Amino acid sequence: MAKLAKYRECVQNLLTGYANEDVALDEVEVQLIFDEKRDHYQWMNVGWEGLKRVYRCIIHFDIKDEKIWLQQNLTDQNPAEELVAMGVPREDIVLGLQRAYKRQYTDYGVAEIGKIN
């Protein structure tokens, strides 16, 4: 349980730091969505840029089977490496934004959805 609490704290701190640096326009809201019950964590931009609707998930993490899954990253940041710097073991970070067969070639975990690894 302590591991899960630590991972939640790391993900939330990371997303909060990123979102605080987001320079959104007047009509674009920066949203942080932290669902600790289901372990989904997102940084979103929602609103309008002129006549264009903005609804984009900038970064999305899930915590599944005691691993942190990076599902989306539309930044030039490297959140996986920042999690490692926070003390999260590489094997507990899964690049969910990569196809399962490619994960073995990364420096991170190789778990598949629905499987404990």
Side-chain angles (χ1 to χ4, degrees):
M1 197 56 128
K3 182 178 181 178
L4 181 58
K6 176 186 176 182
Y7 287 2
R8 285 175 175 155
E9 181 180 355
C10 288
V11 166
Q12 290 178 25
N13 288 340
L14 190 62
L15 288 175
T16 299
Y18 287 155
N20 285 339
E21 295 176 8
D22 190 354
V23 182
L25 302 174
D26 289 337
E27 294 186 39
V28 177
E29 181 181 357
V30 175
Q31 296 183 352
L32 290 174
I33 301 167
F34 297 161
D35 178 357
E36 287 190 21
K37 183 176 179 181
R38 293 171 193 85
D39 281 317
H40 304 295
Y41 305 89
Q42 296 179 347
W43 161 25
M44 301 280 300
N45 286 147
V46 179
W48 292 90
E49 289 178 355
L51 298 175
K52 183 179 176 190
R53 176 72 173 149
V54 174
Y55 184 82
R56 103 184 118 236
C57 176
I58 309 301
I59 296 181
H60 175 179
F61 288 105
D62 291 323
I63 301 175
K64 300 188 276 188
D65 302 323
E66 296 192 346
K67 295 186 184 291
I68 299 173
W69 287 68
L70 177 58
Q71 304 287 20
Q72 171 85 321
N73 180 13
L74 298 181
T75 73
D76 58 356
Q77 305 296 322
N78 190 340
E81 280 303 309
E82 292 188 47
L83 288 169
V84 170
M86 294 173 153
V88 177
R90 290 180 178 280
E91 61 271 11
D92 284 357
I93 301 168
V94 178
L95 301 181
L97 45 77
Q98 294 282 344
R99 301 281 306 202
Y101 74 89
K102 290 184 178 182
R103 293 184 198 138
Q104 65 183 322
Y105 304 111
T106 70
D107 289 334
Y108 303 101
V110 295
E112 295 183 31
I113 293 175
K115 295 184 180 179
I116 298 174
N117 192 0

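On a predicted model such as this, the values are computed, not experimentally measured, just so you know.
- When every heavy atom of G96 is checked against every heavy atom of W69, the shortest pair comes out as CA-CE3, 3.8 Å.
- Both L70 and Y7 are members of a single hydrophobic cluster when ILVMFWY side chains are connected at heavy-atom separations under 4.5 Å.
- Hydrophobic clustering (side-chain heavy atoms under 4.5 Å, transitive across Ile, Leu, Val, Met, Phe, Trp, Tyr) keeps V28 apart from W48.
- Listed by chain and residue number, R8 satisfy the salt bridge (Lys or Arg N to Asp or Glu O under 4.0 Å) test with D39 (two or more places apart in sequence, or in another chain).
- Atoms NE2 and CD, from H60 and Q72 in turn, are 9.0 Å apart once rounded to the nearest 0.5 Å.
- Atom CG of N45 sits about 4.5 Å away from atom CG of D22, to the nearest 0.5 Å.
- T106 meets the side-chain contact (heavy atoms from CB on, under 4.5 Å) test with L95, Y108; sequence neighbours excluded.
- When all heavy atoms are compared, the tightest approach of A80 to I93 is O-CD1, 3.5 Å.
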Ignoring hydrogens and angles, write down the donor-acceptor pairs under 3.5 Å from the side chains of residues 51-59, residues two or more places apart or on other chains.
unit_1: R53; atom_1: NH1; unit_2: G47; atom_2: O; d: 3.2

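- Atom-to-atom distance recorded for Q42:CD and L15:CG is 9.0 Å, nearest 0.5 angstrom.
- Listed by first and then second residue, the salt bridge (charged side-chain N to carboxylate O under 4.0 Å, His left out) pairs that reach into residues 76-86 are E81-R90, sequence neighbours excluded.
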Side chain to side chain contact (heavy atoms under 4.5 Å, CB included) evaluation trace for Y41 with L14: CA-CA 10 Å; Y41 305 89; L14 190 62; over 6 Å; no
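- Taking the salt bridge (Lys or Arg N to Asp or Glu O under 4.0 Å) definition, one finds that K3 meets it with E66, D92, sequence neighbours left out.
- Hydrophobic clustering keeps L74 apart from V46 (ILVMFWY residues linked when any side-chain heavy atoms are closer than 4.5 Å, directly or through intermediates).
- Of the inter-residue distances, the one linking K67 atom NZ with E91 atom CD reads 6.5 Å to the nearest 0.5 angstrom.
- When all heavy atoms are compared, the tightest approach of Q71 to L97 is O-CB, 3.6 Å.
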Could you pull out all donor-acceptor pairs under 3.5 Å where a side-chain atom in residues 31-38 meets a protein atom, sequence neighbours excluded?
unit_1: D35; atom_1: OD1; unit_2: K37; atom_2: N; d: 3.2
unit_1: D35; atom_1: OD1; unit_2: R38; atom_2: N; d: 3.1
unit_1: D35; atom_1: OD2; unit_2: R38; atom_2: NH1; d: 3.4
unit_1: E36; atom_1: OE2; unit_2: Q12; atom_2: NE2; d: 2.9

